[in-house]
Amino acid sequence: MIKDVIEYNKKFTEKGRGVYYATSKYPNKNLAIVTCMDTRLTEMLPAALGIKNGDAKIIKDAGGMIVHPFGSVVRSLLIAIYELGVEHIMIIGHTDCGVQHMQVPEMIEKMKAEGIDEDVFHQMRYYGVDFNQWMGGFDCVETSVKESVELLRHHPLIPEKVSIYGFIIDTETGELRQVAGDEIE
Ligand SMILES: [Zn+2]
């Protein structure tokens with residue numbers, strides 16, 4: 001599989017196709033998007049939003065969740081705001097998310113089946129990692145998006161001038177529905 005990727009890449013660069021994507025590191029729309037790593041959104045989300053290369057910083061994780069106020073998603077957002085000129089943030093959850101109703105005990109069983117030692121989970125607890133909270137998904141995508149918007153809205157390092165919006169995108173139709181955040185002017 002990876003071999004195919006490398007071969008494709010050779011052809012891509014030989015044809016000089018990189019030139020078609022030339023842009024700067026500063027997002028043209030002063031926009032950052034936090035969304036899910038779901039493969040159905042890879043092309044669909046930018047296409048449905050009219051976003052081209054260079055337009056927005058897109059930060060992805062499982063579920064488009066902000067798990068920790070000082071975790072990697074917020075870190076990326078702060079860099080986007082203070083170093084790259086981002087003024088608008090969209091949190092975009094989606095329908096039929098793989099993280100919805102995910103069962104942590106089942107995942108732990110899968111890990112054990114792959115040879116992960118039981119002790120690891122005890123050690124994590126000892127070091128203060130709440131495995132359920134860290135690895136857990138959500139029951140309702142709308143609630144998850146609302147919580148992320150609230151977390152950012154009250155984050156001590158995010159300035160007032162940054163507008164924050166919460167949406168859900170339909171993975172079949174691409175329709176965007178606002179569920180939280182600032183009013184759209
Ligand atoms: Zn998802």
Side-chain angles (χ1 to χ4, degrees), residues 1-2 4-5 27 29-81 84 86 88-114 116 121 124 129-155 158 162-182 184:
M1 210 300 298
I2 302 300
D4 296 342
V5 171
K29 294 188 191 292
N30 305 107
L31 171 67
I33 296 171
V34 177
T35 191
C36 184
M37 65 183 188
D38 194 294
T39 43
R40 290 166 292 184
L41 299 178
T42 306
E43 284 189 60
M44 153 87 97
L45 186 131
L49 272 60
I51 286 169
K52 300 269 182 292
N53 216 38
D55 280 348
K57 298 290 166 196
I58 302 181
I59 301 152
K60 293 189 167 197
D61 70 4
M65 295 171 75
I66 299 177
V67 178
H68 195 284
F70 298 98
S72 71
V73 173
V74 173
R75 177 178 177 272
S76 297
L77 286 172
L78 293 172
I79 292 168
I81 292 166
L84 303 164
V86 159
H88 314 283
I89 297 171
M90 293 171 86
I91 309 287
I92 307 182
H94 68 96
T95 55
D96 191 33
C97 187
V99 161
Q100 199 160 3
H101 310 307
M102 200 174 65
Q103 300 300 325
V104 174
E106 272 177 30
M107 188 183 275
I108 291 174
E109 288 312 312
K110 286 177 191 170
M111 289 174 173
K112 286 180 189 167
E114 291 293 337
I116 307 299
F121 302 102
M124 284 176 69
V129 178
D130 182 334
F131 197 87
N132 281 296
Q133 197 198 351
W134 178 57
M135 195 55 85
F138 49 73
D139 289 329
C140 170
V141 64
E142 198 165 317
T143 307
S144 168
V145 169
K146 282 177 181 168
E147 283 172 358
S148 293
V149 167
E150 283 304 300
L151 185 149
L152 296 182
R153 187 75 287 165
H154 299 107
H155 199 286
I158 295 182
V162 174
S163 51
I164 301 165
Y165 310 90
F167 294 90
I168 292 169
I169 191 168
D170 188 307
T171 44
E172 285 177 21
T173 64
E175 186 191 18
L176 208 56
R177 180 168 65 89
Q178 188 176 10
V179 294
D182 293 333
I184 297 163

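Remember, it's 1-based here, ligands and their atoms both numbered in the order they're listed.
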Quiz item: What protein atoms of element N, O or S are positioned under 2.8 Å from the Zn ion (ligand 1)?
Solution: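 Protein N/O/S atoms under 2.8 Å of the Zn ion (ligand 1): Cys36 SG, His94 NE2, Cys97 SG.
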Quiz item: Under 4.5 Å between any side-chain heavy atoms of Asp182 and Arg153, yes or no?
Solution: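 Asp182 vs Arg153: side chains touch.
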Quiz item: Less than 4.5 Å apart, any side-chain heavy atom of Leu152 and any of Val74?
Solution: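 Yes, at least one pair of side-chain atoms sits under 4.5 Å.
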Quiz item: Only one of Thr95, Thr39, Leu45 clears side-chain contact (heavy atoms from CB on, under 4.5 Å) with Thr171; which?
Solution: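 Only one option passes, and that is Thr95.
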Quiz prompt | Salt-bridge contact Glu142-Lys146 (side-chain N to carboxylate O under 4.0 Å) | solution =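 Yes, Glu142 and Lys146 are salt-bridged.
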Quiz item: Quick one: does His88's side chain have a donor or acceptor within less than 3.5 Å of a partner on Asn30's backbone?
Solution: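 Such a contact is absent between His88 side chain and Asn30 backbone.
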Self-check item: Main-chain N/O of Phe167 paired with Gln178 side-chain donor or acceptor, under 3.5 Å
Solution: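 Absent.
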